[in-house]
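Below is one structure, written out as structure tokens; the observations come after it.
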Amino acid sequence: MKKKKKALIVCGCILAVTLAFAACSEPSADISELSSEDVYLAGSESEEMIFEEAAILADTPVANASAVLEPVASGVNVLGNDKCEIDASNVAEGYVMVRYTGGGSKKIKLLMTNPSGVQYQYNLKLDGDWGVFPLSGGNGVYKLGVYQNTSGNKYSTLFTTSVTAQITNAMSPFLYPNQYVNFTANSAAVAKAKEICSGKTAELDKVSAIYNFVINNLSYDKQKAQSVQSGYLPDIDAVLAAKKGICFDYAALMAAMLRSQNVPTKLVVGYTGAAYHAWINVHISGQGWVNGVIYFDGSTWKLMDPTFASSANSSDAIMQYIGNGSNYQAKYQY
């Protein structure tokens, strides 16, 4: 009888935390994949149906990276037209930079298909500023397309091209900032990471310090979760100042802090059960990628999911749940 009661308590805790992340759920209508039936031809222009994403990417670290890596639009290899530009000058570093220059107020999207055929979609800024987009699928051919909204979910093609990536260091896409993990050398989060990791050289020590800081200083923002809109991007310094955020904020903040400390980090978006969620993976020298885990207690790695751990105050029930990698299904990595 006692065993049955304990099992009910565990399930209840997991259910409570899962429900707390309802705002990270991904409505089925928003996750429809593009298919041949979604493409419309209009004269020489093509028009595609693009469905919004739900509100929410040698294996060695870069040697002697004592400074924060910052992407640049070098201008050496620029593709595009009078509406948009794709700077592919630093493909070997694991990223491209894209900007829309056509003016107006219509939504603009970048679609990127990686060498494995996985398609990523991003919203581009309308002010002409560059956005940074990781080549997280490794070496190979990436198809890139920039599209302008015409009505509803219909988009007309502005420009399409492809680039072939031969990335010098496979860790680079997960050390540079990008649209989802956005930081600079002047970010408050970077300064905090430097403070927290002062005197620490081992990657595991940095991971542990940053993890503990995040779960002990951030709380889940239920109000924000109820109002967040599609296309939301975390402002990590604002999250740090407010000391609260949604799942996407947690993952982006920790990923930025770890990258600034030269720890290769993937921000992963996928599912925990039926909930759309975000978590992070890290690369440890001599061990490789540690998928979905954050700390080593002497014998067992724990899943690196700062949101669940914080909201559940690291209860045994929740730590058992998030420590089971089978509960997590990755969809995208940034």
Classify the side-chain pair K109/N123 by whether it contains a donor and acceptor separated by less than 3.5 Å.
yes

side-chain contact (heavy atoms from CB on, under 4.5 Å) evaluation trace for S260 with F183
CA-CA 8 Å; S260 74; F183 61 97; 4.3 Å; yes

Pairs satisfying salt bridge (charged side-chain N to carboxylate O under 4.0 Å, His left out), at least one member in residues 90-104, at least two apart:
E85-R99

Do P173 and I167 have side-chain heavy atoms sitting under 4.5 Å apart?
yes

So, for Y122 and Y180, is the gap between ring centers shorter than 6.0 Å?
yes

Using the salt bridge (charged side-chain N to carboxylate O under 4.0 Å, His left out) rule, collect all pairs that involve residues 232-256, keeping only residues at least two apart or in two chains.
K224-D249

Distance flag, aromatic centroids of Y95 and F133, threshold under 6.0 Å:
no

Shortest non-hydrogen separation from L110 to L124 and the atoms involved:
CB-CD2, 4.0 Å

Residue list, side chain to side chain contact (heavy atoms under 4.5 Å, CB included) with A185, at least two apart or on another chain
V68, E70

Residue pair N281 / T265, side-chain donor-acceptor N/O under 3.5 Å:
no

Given M254, which partner from the list L267, V181, L218, I280 fulfils the side-chain contact (heavy atoms from CB on, under 4.5 Å) test?
I280

Taking atom types as modelled, find out whether S89 and D87 have a side-chain donor-acceptor pair closer than 3.5 angstrom.
yes

For the residue pair Y155 and T150, establish whether any side-chain heavy-atom pair is separated by less than 4.5 Å.
no

